[in-house]
Amino acid sequence: QELTVAWDARHAVVAAADLEKRLAGDAVDITLPGRRPVLGAAHPVSRMIDELSEIFALLGFETAFGPEIETSYYNFDQLNIPSDHPARDVWDTIHIDLPGEIVLRTHTSPMQARIMEKSGPPVRVVVPGRVYRYEAQDASHEWMFHQLEGLAVDRNITMADLKGTLAELARQLFGSERRIRVRCDFFPFVEPGVDFAVDCAICGGKGCRVCKGSGWLEMGGAGMVHPNVLRAVGYDPDQVSGFAFGLGIERLVMMRSGVDDLRAFAANDLRFLRQFASAV
Ligand code: DAH
C-alpha cells in the first residue's frame, strides 16, 4: 500500500510536468499570418478553348470533340486528299500502324466528315483539340499543339458568311477595332481556299516587332467546303454549301499575351503557367 501511494504521488508530479512541457512547446501563435493554399488554375490553352467556345456559342455554333487517334480515312480521304495525293506531305504524319491506316490526327479537320455523317444539314460546330505532327521542334513548331476547327453548312452559305464570322472572332479576341485580311490559299478540302490574318493590335497595322513589320498576324486557314467533301458524306452540293476554318489555339494565346515560344505551353513550367492564372 505504501509503495502504491508513493507511486501514484510521483506519477502525478511527472505527468503534470510533462503536460506543462507539452503545452509550452505546442503553443499555437494565433498572431501568425495564415498560409495561403495553392489553388490550381486552368491551363492558358484550356482558358482559350473555353473563351472560343463561348464566342462561337453566341454565333450559334455548338462545340464538339473528336478522337486524337484517327483513321487516315477521316484525316485524309474524306477531306478530298486521296492516298497518292502530294498534299498528304503537307501534314507530316505520325503513324500508329504499319499499313498507315491509323494516325495521330494532324489537324482537327477530320471531325468535319464525322459530324456531317451523323447529322444535318444544317451544321454549325466548332471542334477544339490536340493535333500531332512529325516535326522538328523550334519556337514556332511543336509535335503536339491545339487547333480549333469551324464548320457551317446550310442552304445559301457564302464567302460573306465566312468573312463575317472570322471578323467577329478577331474583334471578340483582339478588340472591336480589328480588321481581317483574307488571301487566296490552297487546301484540298476547300474551294476557294484562303488564309486569314488580323491587323496587329499592338501597332494598329503600321508594322512593329510583334507583327514582324507586316502589320498583320496570321490566324489560320479557311474556305468554302469542297463539293467532294460534301458529296463524300452524302450531302448534295447543289442544295447546300458551307464554310470551314482551322486555327492554332496556342498561336492565339501567343498573339494576345506576347509569348514568343510555342514550346512553353507543353513544358509545364509553373512559373510560366502561373502568369495566366488570374489575368488574360
Ligand atoms: N486543317 C488545316 C491545317 O491544319 C487548316 C484548315 C485550313 C482548316 C482550311 C480548314 C480549312 O477547315 O478550311 O493545316
Side-chain angles (χ1 to χ4, degrees), residues 52 56 59 61-68 70-81 85-94 103-116 120 123-135 140-154 157-167 169-170 180-198 217-230 232-233 235 237 240-252 262:
L52 290 167
F56 280 106
L59 294 173
F61 287 73
E62 289 175 62
T63 298
F65 299 89
E68 293 169 28
E70 187 52 285
T71 56
S72 54
Y73 175 75
Y74 285 111
N75 199 81
F76 295 120
D77 302 69
Q78 285 294 76
L79 287 164
N80 197 31
I81 318 170
H85 198 286
R88 282 211 183 182
D89 293 347
V90 174
W91 293 274
D92 302 297
T93 309
I94 299 174
V103 301
L104 290 179
R105 67 176 175 193
T106 58
H107 47 185
T108 42
S109 305
M111 277 301 281
Q112 290 188 21
R114 281 185 180 276
I115 287 162
M116 288 191 286
V123 170
R124 273 180 186 72
V125 67
V126 288
V127 184
R130 290 197 175 92
V131 302
Y132 302 83
R133 306 240 171 124
Y134 183 64
E135 193 116 57
S140 50
H141 295 89
E142 259 281 26
W143 63 273
M144 186 282 291
F145 58 99
H146 294 74
Q147 284 187 335
L148 181 98
E149 192 78 11
L151 177 69
V153 184
D154 204 344
I157 294 233
T158 69
M159 196 87 184
D161 298 308
L162 170 62
K163 287 169 72 177
T165 304
L166 296 177
L169 171 65
I180 59 158
R181 180 190 70 184
V182 172
R183 298 189 303 188
C184 289
D185 200 348
F186 174 75
F187 301 93
F189 31 94
V190 280
E191 180 57 36
V194 298
D195 64 54
F196 61 102
V198 56
L217 293 163
E218 290 286 345
M219 287 181 76
M224 299 306 291
V225 180
H226 197 289
N228 287 349
V229 173
L230 295 174
V233 295
Y235 286 15
V240 293
S241 53
F243 67 73
F245 60 87
L247 45 85
I249 294 178
E250 281 86 350
R251 245 194 93 77
L252 294 182
L262 178 58

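The shown structure was predicted, so the numbers you read here are calculated from the model rather than taken from an experiment. Every number for a ligand or one of its atoms is a count from 1 in the order of the listing.
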[X] side chain vs [Y] backbone, donor-acceptor pair below 3.5 Å:
| X | Y | value |
| --- | --- | --- |
| E250 | L262 | no |
| Y235 | M116 | yes |
| R124 | A152 | no |
| R251 | E218 | yes |

Salt-bridge present (R130, E142; N to O < 4.0 Å):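 Salt bridge: no.
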
List by chain and number: which residues place a heavy atom under 4.0 Å from ligand 1?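 Residue list for ligand 1: W91, H107, S109, Q112, R133, Q147, E149, F187, F189, V190, G221, A222, G223, A244, F245, G246.
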
Kindly indicate whether a cation-pi arrangement holds for R114 with Y74, taking the cut-offs as under 6.0 Å to the six-membered ring centre and within 45° of the axis.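 Yes, a cation-pi geometry holds between R114 and Y74.
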
